[in-house]
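What follows is a set of notes on a single structure, which appears directly below.
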Amino acid sequence: MFSAYCLHVGADLSIGKVTDSGNIRCAFHGWEYDGESGQCAYLPSGDPVPPRASLYRFPVVERYGIVFAFNGLTPRFSIPEFDHPEDSLVLKSGTFADRFQVDPWVICANTPDLLHVTELHQFDMRNDPYEDVTWQDYSATFPIHALTPAGPVLDIRPEIHGTNLFHQNGTVDGRWFGWSTWMGIPTPGQTTVFYTICARPEPDETPEQTGEFLDYVLNLEMSIASEDVPVFAGMHYTPGNLTRGDRVLARFFEYLRTFPRSHPSADFLN
Ligand code: FES
Ligand SMILES: [Fe+2]
């Protein structure tokens, strides 16, 4: 994946085209970039190619039916894994129908916001997650063991990776499932949420029965997420009034503030 903007005067290359020879051709003045290296290869004006005109080339990996790109030249961390190998899972990936009108970090901050778990989601907690938060350079995680208001018992380990990946392994009423939401930022202030839900076929279970379980856990997670949606829609955070019960959230804000910028143009971007 290449950086989006033409190095001439900045047109969006996505409205250009790919030539028969595989070059990316800008719609504005026709500069062409090599489709493999991103190096500028041709100027229709006949002027010499500026030697430093090379698009950034971002690493890309496909997992769970979703294409991930790292917003830097070298990935700082891997795409998180489920507890079981991908080829042993029944897996479904998709996209939330509506964009969220907030940046991905606001949605990620929902996970370490422990107070809302009992207030908004009405979880009856069976553990104390405050005691068991694991912080790493590029991730944070803690366990939740809770009775949900609809009845199922969740024993899960939510994780945040980077500033826009939510990932979770765990069980519902004792059966394992995985659930992740991957957040893309189509434009500042908006988030497109992709998801992956997965399960393992039980012995003697038909594919239809596994599919029913997958739909069941997807509906359960979507129903929990739907409680957050109206809150995100009107979110307007001002620093200064976090209390002791918000200490994991406060630490997460610090994690966000100090998260290293990876884009090769970071020094020039606001
Ligand atoms: S902006 Fe792309 S060729 Fe001029
Ligand atoms: Fe939530």
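Both ligands and their constituent atoms are indexed starting at 1 by order of listing. Since we're looking at a predicted model, the values are computed, not measured.
We find that R126 and D155 are not joined by a salt bridge, their nearest charged nitrogen and carboxylate oxygen being 4.0 Å or further apart.
Side-chain contact of R157 with T141: a donor-acceptor pair under 3.5 Å is present, judged by distance alone. When only modelled atom types and interatomic distance are considered, W182 and T196 share a side-chain donor-acceptor pair under 3.5 Å. Using modelled atom types, one finds a donor on one side chain and an acceptor on the other under 3.5 Å when comparing D228 with H121. Checking E159 against S139 by side-chain atom types alone, no donor-acceptor pair falls below 3.5 Å.
With waters neither drawn nor counted, the protein N/O/S atoms under 2.8 Å from the Fe ion (ligand 2) amount to 5.
Taking a heavy-atom cut-off of under 4.0 Å, ligand 1 is surrounded by C6, H8, V9, G10, A11, C26, F28, H29, G30, W31.
Taking CD1 of I185 as the reference point, atom CG of N164 lies at 8.5 Å (rounded to 0.5 Å).
Around OH of Y138, the count of heavy atoms belonging to other residues, nucleotides or ligands within 6.0 Å exceeds 12.
Under the 6.0 Å distance and 45° angle rule, R175 counts as a cation-pi partner of F213.
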Quiz item: Going through the distances and angles, do Y33 and S54 end up as a side chain to side chain contact (heavy atoms under 4.5 Å, CB included)?
Solution: CA-CA 8 Å; Y33 299 88; S54 186; over 6 Å; no

